[in-house]
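Proteins get letters first, then strands, A, B, ... in listed order; numbering begins at 1 in each. Computed over heavy atoms, backbone and side chain alike; hydrogens, waters and symmetry mates excluded.
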2 protein chains.
Amino acid sequence: MEEFQTNIGENIKRIRKERNLSLDKTSEITGVSKTMLGQIERGKSAPTITTLWKIASGLRLSFSSLISQYKPNVTIVKKKEVNPIIENNGQYRVYPLVPYNPEQQFEIFSVTLEPGCEHIAEPHTTGVEEFILVNEGTLEVVVNEQVYVVEPEDTLIFKADRPHIYRNNGDCIVKCSIVIHYSSQ
Amino acid sequence: MEEFQTNIGENIKRIRKERNLSLDKTSEITGVSKTMLGQIERGKSAPTITTLWKIASGLRLSFSSLISQYKPNVTIVKKKEVNPIIENNGQYRVYPLVPYNPEQQFEIFSVTLEPGCEHIAEPHTTGVEEFILVNEGTLEVVVNEQVYVVEPEDTLIFKADRPHIYRNNGDCIVKCSIVIHYSSQ
DNA sequence: CAAATTTGGTCGTTATCTTGCACGTATATA
DNA sequence: TATATACGTGCAAGATAACGACCAAATTTG
């Protein structure tokens, strides 16, 4: 969120430096004040889209080149530190490991189903696809009135723009990883 | 510029309607106030990038899907109505027909060189490519200390991240169209 | 070395984005 | 008919983006 500002700022500054442009010259080219450019570069200000448009146009850049994150960083997500979303009286627990991001266009969850749990999921918008990787237990998924049995280490892929049901009919717990991809054409 | 705002607004409204979401619900999902959403949809406000980020994330959209222009419109550009950029004492005239746009990543000019005109062009940034389509007369272009003679109806393509010279050594006027493409990886 | 220019930044003011609240309309409900 | 619910928009207040003028350090120039 906040890092988003800093990212754009770093991108602009990097490109400006590569081209040996001063803030003054850049201001002249883009029509955005020097002060604003400086603040944006330092992440002190979140530009409006019209300002960003001026910068992109003046510098002859695409939006993606300004927005793209420079992330050579390593991130480790500890499941214990993630607050699960509880449903079905605690029998169905969703751990958001990787939140959605307009760049990557997907999100990743770890999901746990207690024995006997049946969870009815709302259909997503059109173009959404789910990838379910079962780690422990046997998961049953109902899509299009068809029951699919997914064994451990197996993966189920389906278009999730329709109602679907997750079910644990076994005796032991079911743990799986779910990747949800949003196409938005 | 201003149409840019309206474009984003229309995109958001269209997607929101497709999903049968109210402004209230959308506000709840995205964390952006209902009032703001309404104003953005109506093009009354240019959101900051953080606000746009919230909208894109909440609605699970990419930036491009929000930014992309819906343009089934036909546009006709009359050269007579375009103000040329005059250089070399009026011997070198540049008519910007299609201005740069962060989406398309290129711009189009019509260029006229009077007989005897020699124009020295500044090198562009790396990754820039020029496409020169000669319509009338014979154009000479110097790149990398090499002289290229471009006859009418012929096209010259070269990487323009180095100094280059346009020259009209003939007796009659030279008219050509130039497409400049900016890669910005 | 001193003057001049360039560079990036701060300060105060203005414009505008952003919000919560309230209002009007429309549709459904009792 | 009256009540309730949902929907989008107008209004005033607060926050903040955007600008122009001014300042200090670094670099260039004479």
Mark yes or no for a side-chain to base donor-acceptor pair under 3.5 Å between B:Thr35 and C:dG20, with no hydrogen or angle criteria applied.
-> yes

Between [atom2] of [N] and [atom1] of [X], the distance in whole Å:
X	N	atom1	atom2	value
B:Ile49	D:dA17	CD1	P	9 Å
A:Leu23	C:dT6	CG	C1'	12 Å
B:Leu37	D:dC7	CG	P	14 Å
A:Gln39	C:dC17	CD	P	17 Å
A:Leu21	C:dT6	CG	P	15 Å
B:Met36	C:dC17	CE	C1'	5 Å
B:Ile40	C:dT18	CD1	C1'	9 Å
A:Lys44	C:dC11	NZ	C1'	15 Å

Can a donor-acceptor pair be found between the side chains of [X] and [Y] at a distance below 3.5 Å?
X	Y	value
A:Glu129	A:Tyr182	no
A:Ser64	A:Ser62	yes
A:Thr48	A:Thr50	yes

Output field: ring centroids B:Phe109/B:Tyr166 closer than 6.0 Å | no

Nearest to side-chain heavy atoms of B:Ala46, which nucleotide of C:dC17, C:dT10, D:dG10 | C:dC17

Closest to the A:Arg42 side chain, choosing from C:dG9, D:dC19, D:dG8 | C:dG9

When you check the phosphate oxygens OP1 and OP2 of [N], does a side-chain N or O of [X] lie under 4.0 Å from one of them?
X	N	result
A:Ser22	C:dT7	yes
B:Arg16	D:dC7	no
B:Thr51	C:dT18	yes

Base, sugar-phosphate alone, or nothing: which one does B:Lys25 contact when heavy atoms must sit under 4.0 Å apart?
-> nothing

Report which part of the nucleic acid B:Ser33 touches: base, sugar-phosphate, or nothing (heavy-atom distance under 4.0 Å, all strands).
-> base

Donor-acceptor contacts under 3.5 Å from residues 139-149 of chain A side chains, at least two apart:
residue  : atom : partner  : partner atom : Å
A:Glu140 : OE1  : A:Arg167 : NE           : 3.4
A:Glu140 : OE1  : A:Arg167 : NH2          : 3.4
A:Glu140 : OE1  : A:Asn169 : ND2          : 3.4
A:Glu140 : OE2  : A:Asn169 : ND2          : 3.2

Determine, for nucleotides 22-29 of chain C in 5'-to-3' order, which nucleotides have protein heavy atoms under 4.0 Å from the base (write B), from only the sugar-phosphate (write S), or from neither (write -).
-> B-------

Let me know, please, whether B:Thr48 or A:Gly38 comes out on the 5' side of the other along DNA chain C by nearest nucleotide.
-> A:Gly38

Taking B:Asn168 for the side chain and B:Cys117 for the main chain, is one N or O donor matched with an acceptor at less than 3.5 Å?
-> no

Output yes when a side-chain donor or acceptor of A:Arg42 lies under 3.5 Å from a complementary backbone atom of A:Gly38, and no otherwise.
-> yes

